[in-house]
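Model, not experiment: these values are computed from the prediction. Whatever order the structure lists them in is the order used to number ligands and atoms, beginning at 1.
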Amino acid sequence: MADVLVVAEVAEGKLKKTTHSAITFAQKAAPALGGTFSILVIGDGAGKAAAEAQGFGAAKILVVEDASLKSYVAERYAPTVAAVGKGFGVVVGTASAYGKDLLPRVAARLGAGYASDITEVTPENGNLRYKRPMFAGNAFGICSITTPIQVVSVRQSAFAAAEPSGGQSAVETVAYAGPSKAAERVEFVSFDQVKSARPELTEARVVVSGGRALKEKFNQVLDPLADVLGAAVGASRAACDAGYAPSDLQVGQTGKIVAPQLYFAIGISGAIQHLAGMKGSKVIVAINKDADAPIFQVADYGLVADLFATVPELVKGIQAA
Ligand code: FAD
C-alpha cells in the first residue's frame with residue numbers, strides 16, 4: 001500500500017490549473033496502490049489556496065506558509081516538499097516550469113527514481129507503469145520505478161484537469177523545513193510577468209499559432225482571429241527566433257506543450273519539433289500554401305491557400321456568423 005502526494009502549484013492565493021492534472025493522476029494512481037492521496041499546498045497564499053484544494057477527495061490538505069516562501073526559489077521549497085514526501089510512496093506534480101524545476105531536486109533529496117513528463121499511468125503488479133514520450137514524441141518509453149519513493153511529473157495536456165467533487169478534506173499545517181544550503185547562493189531578484197488579456201497558452205481551449213511565413217505581420221494577421229475566437233496566440237520557433245513573436249509563445253519540443261480543443265497552425269510547416277508541442281490537440285486546422293507541408297499529415301482540416309488572404313476572410317466569416 002502506498003499513498004500519493006500531489007505537489008500543488010500556487011499563484012496569488014489560487015491553485016494553478018496545472019495542479020488539477022496532477023490530481024487526476026493521483027485519483028487514478030492512489031487506488032491502484034491501495035492508498036489515498038493528499039495535496040501539499042506550499043508558498044505564498046497557500047492557506048487561501050488550501051480551501052480550493054479541499055474539494056477533490058484528498059485524504060488531507062497539507063499547508064506550508066512561511067515568509068521565506070514568498071517568492072518561488074527551488075532551493076527554499078525542495079527541502080520541505082522532500083520532508084513531507086518521505087511519508088508517501090509517490091510524489092507527483094505537473095511538468096510545468098515549476099514542476100520541472102522543483103521535482104528533480106525533490107527526487108534527489110529522497111533518493112527517489114524520477115519519471116518525468118509522463119503521458120499515461122497504468123497499474124501493474126501493485127506498482128505503476130509510466131509512458132513517456134521521447135525524441136520529440138516519435139517514440140515512447142515505458143518504465144516503472146523500483147525505489148521505495150517515486151517522483152513523477154505529468155504532462156498537463158495528457159491528464160484532463162480534475163473537477164472538484166464537493167468533498168471537504170481536512171487541512172493540516174506543516175512546518176517549513178528551512179532552505180537548502182544552496183539557497184545561500186541564490187537570490188530572488190524579480191518576477192517579470194507578461195500581462196495579457198488573452199487566455200494562458202497552456203490552458204486555452206482555442207490556440208491560434210503562426211509561423212515564420214507571417215513575418216512582421218504576425219500580430220496584424222493573427223490577433224483579429226484570436227480575438228473573435230477568444231483564443232490564445234502561439235508561435236513556431238522560427239517565428240520566435242526571427243523576432244516576429246515573443247519566445248514565451250513558442251509551441252513545441254523546446255516551447256510549450258498545448259492540447260486545446262481547437263488548434264490553428266497558420267503558415268507553419270509542421271516540423272516534428274513543432275508537432276511535439278501540439279499534436280495532442282483535439283481538432284487541428286492548418287492553413288499553408290504548400291500542399292505538401294507536413295502539417296497536413298496531422299491536420300483534421302487543411303486549407304491550401306495564402307494565409308494573408310485567407311485569415312482576414314475567416315475573421316469576417318466568423319464575425320458574420
Ligand atoms: P518554416 O519551416 O519556414 O515554414 C513556413 C511555412 O509557411 C511553410 O510550410 C510555407 O509553405 C508556409 N507559407 C509561407 N508563406 C505562406 C503564405 N503566404 N500562406 C500560407 N503559408 C505560407 N520548432 C517549433 O515550432 N517549436 C519548437 O519547440 C522547436 N524546437 C526545436 C528544437 C530543436 C532541437 C530543433 C533542432 C528545432 C526545433 N524547432 C522547433 C524548429 C523546427 O525544426 C522548425 O524549424 C520550425 O518549427 C519551423 O517553423 P515554421 O513552420 O514557422 O517555419
Under-4.0 Å salt bridge between R105 and E75:
yes

Shortest protein contact, atom 36 (C) of ligand 1 (heavy atom only)
Q273 NE2, 3.8 Å

Using residues 49-66 as the side-chain source, report each donor-acceptor pair under 3.5 Å to any protein atom, sequence neighbours left out, with the distance given to one decimal.
from: E52; atom 1: OE1; to: L15; atom 2: N; distance (Å): 3.2
from: Q54; atom 1: NE2; to: S169; atom 2: O; distance (Å): 2.7
from: K60; atom 1: NZ; to: E172; atom 2: OE2; distance (Å): 3.4
from: E65; atom 1: OE1; to: G47; atom 2: N; distance (Å): 3.3
from: E65; atom 1: OE2; to: G45; atom 2: N; distance (Å): 3.2
from: E65; atom 1: OE2; to: A46; atom 2: N; distance (Å): 3.4
from: D66; atom 1: OD1; to: S68; atom 2: N; distance (Å): 2.9
from: D66; atom 1: OD1; to: S68; atom 2: OG; distance (Å): 2.6

Within a distance under 4.0 Å of any heavy atom of G252, pick out the atoms of ligand 1 and give their elements.
26 (N), 27 (C), 28 (O)

Measure the distance from atom 27 (C) of ligand 1 to every protein heavy atom, then report the residue, atom name and distance (to 0.1 Å) of the closest one.
Q250 NE2, 3.2 Å

Counting non-hydrogen protein atoms only, what is the nearest one to atom 18 (N) of ligand 1? Give residue, atom name and distance.
D306 OD1, 3.3 Å

Write down the atom of G234, the atom of V251, and the distance for their closest heavy-atom approach.
CA-CG2, 4.2 Å

For atom 48 (C) of ligand 1, what is the closest protein heavy atom, and at what distance to 0.1 Å?
A238 CB, 3.8 Å

Could you list the atoms of ligand 1 found under 4.0 angstrom from a heavy atom of S236?
25 (O), 49 (O), 50 (P), 52 (O)

Have a look at ligand 1 and work out which part of A276, if any, has a heavy atom under 4.0 Å from it: side chain, backbone, both or neither.
neither

How far apart are the C-alpha atoms of S116 and R132, what are their side-chain angles, what is the distance that settles it, and do they pass the side chain to side chain donor-acceptor pair (under 3.5 Å) test?
CA-CA 7 Å; S116 63; R132 302 182 55 237; 3.1 Å; yes

Note: heavy atom closest to atom 8 (C) of ligand 1, options N288, L303, D292, belongs to N288

Has N288 got a side-chain atom pairing as donor or acceptor with I268's backbone, closer than 3.5 angstrom?
yes

How far is atom 30 (N) of ligand 1 from the closest protein heavy atom, and which atom is that?
T254 OG1, 2.6 Å

Could you go through the side chain to side chain donor-acceptor pair (under 3.5 Å) check for N127 and Q150 one step at a time?
CA-CA 10 Å; N127 196 1; Q150 314 185 4; 2.8 Å; yes

Close-contact set for ligand 1 against Q253 heavy atoms, below 4.0 Å
27 (C), 28 (O)

Would you tell me which option among A239, G210, S269 has the nearest heavy-atom contact to atom 4 (O) of ligand 1?
S269

Shared hydrophobic cluster, L5 / F25 (ILVMFWY, side-chain heavy atoms < 4.5 Å)
no

Less than 4.0 Å between a side-chain N and a carboxylate O, is that true for D227 and R198?
yes

Of A271, P294, A309, A235, which has the heavy atom at the shortest distance from atom 47 (O) of ligand 1?
A271

Can you find an N/O atom of L307 closer than 3.5 Å to an N/O atom of ligand 1?
yes

Evaluate the side-chain proximity of V207 to F264: yes if any heavy-atom separation is below 4.5 Å, no if none is.
no

Select the closest option to atom 34 (C) of ligand 1 among R237, R212, K217, judged by heavy-atom distance.
R237

Considering only NZ, NE, NH1 and NH2 on the basic side and carboxylate oxygens on the acidic side, decide whether K289 and D306 come within less than 4.0 Å.
no

Counting N and O atoms only, with roles assigned by atom type, does the side chain of T147 sit under 3.5 Å from a partner on the main chain of G113, one being a donor and the other an acceptor?
yes

Residue pair V208 / I266, side-chain heavy-atom distance below 4.5 Å:
yes

Take E9 and S96 through the test side chain to side chain donor-acceptor pair (under 3.5 Å) and record every step on the way to the result.
CA-CA 9 Å; E9 193 170 343; S96 57; 2.9 Å; yes

Counting from 1 in the order shown, the ligand 1 atoms closer than 4.0 Å to a non-hydrogen atom of G211 are 52 (O)

A student checking ligand 1 against I268 at a 4.0 Å heavy-atom cut-off should list atoms 51 (O)

For a quick check under 3.5 Å, do Y263 and S209 share a side-chain donor-acceptor pair by atom type?
yes

Atoms in ligand 1 flagged as close to A305, the criterion being non-hydrogen separation under 4.0 Å
19 (N), 20 (C)

Take atom 11 (O) of ligand 1 and look for protein heavy atoms under 4.0 Å from it; say yes if you find one, no if not.
yes

Give the residue and atom name of whichever protein heavy atom lies nearest to atom 6 (C) of ligand 1, and the separation in Å to one decimal.
G267 O, 3.4 Å

Name the closest protein heavy atom to atom 14 (C) of ligand 1, giving the residue it belongs to and the distance to 0.1 Å.
A213 CB, 3.2 Å

Check ligand 1 against F308 and write out every atom of the ligand that is under 4.0 Å from a heavy-atom position of the residue.
18 (N)

The atoms of ligand 1 lying under 4.0 Å from a heavy atom of G255, numbered in the order shown, are 28 (O)

Between V251 and ligand 1, which residue portion shows a heavy-atom distance shorter than 4.0 Å: side chain, backbone, both, or neither?
backbone

Can you tell me which residue and heavy atom of the protein come closest to atom 21 (N) of ligand 1, and the distance to 0.1 Å?
K289 N, 3.1 Å

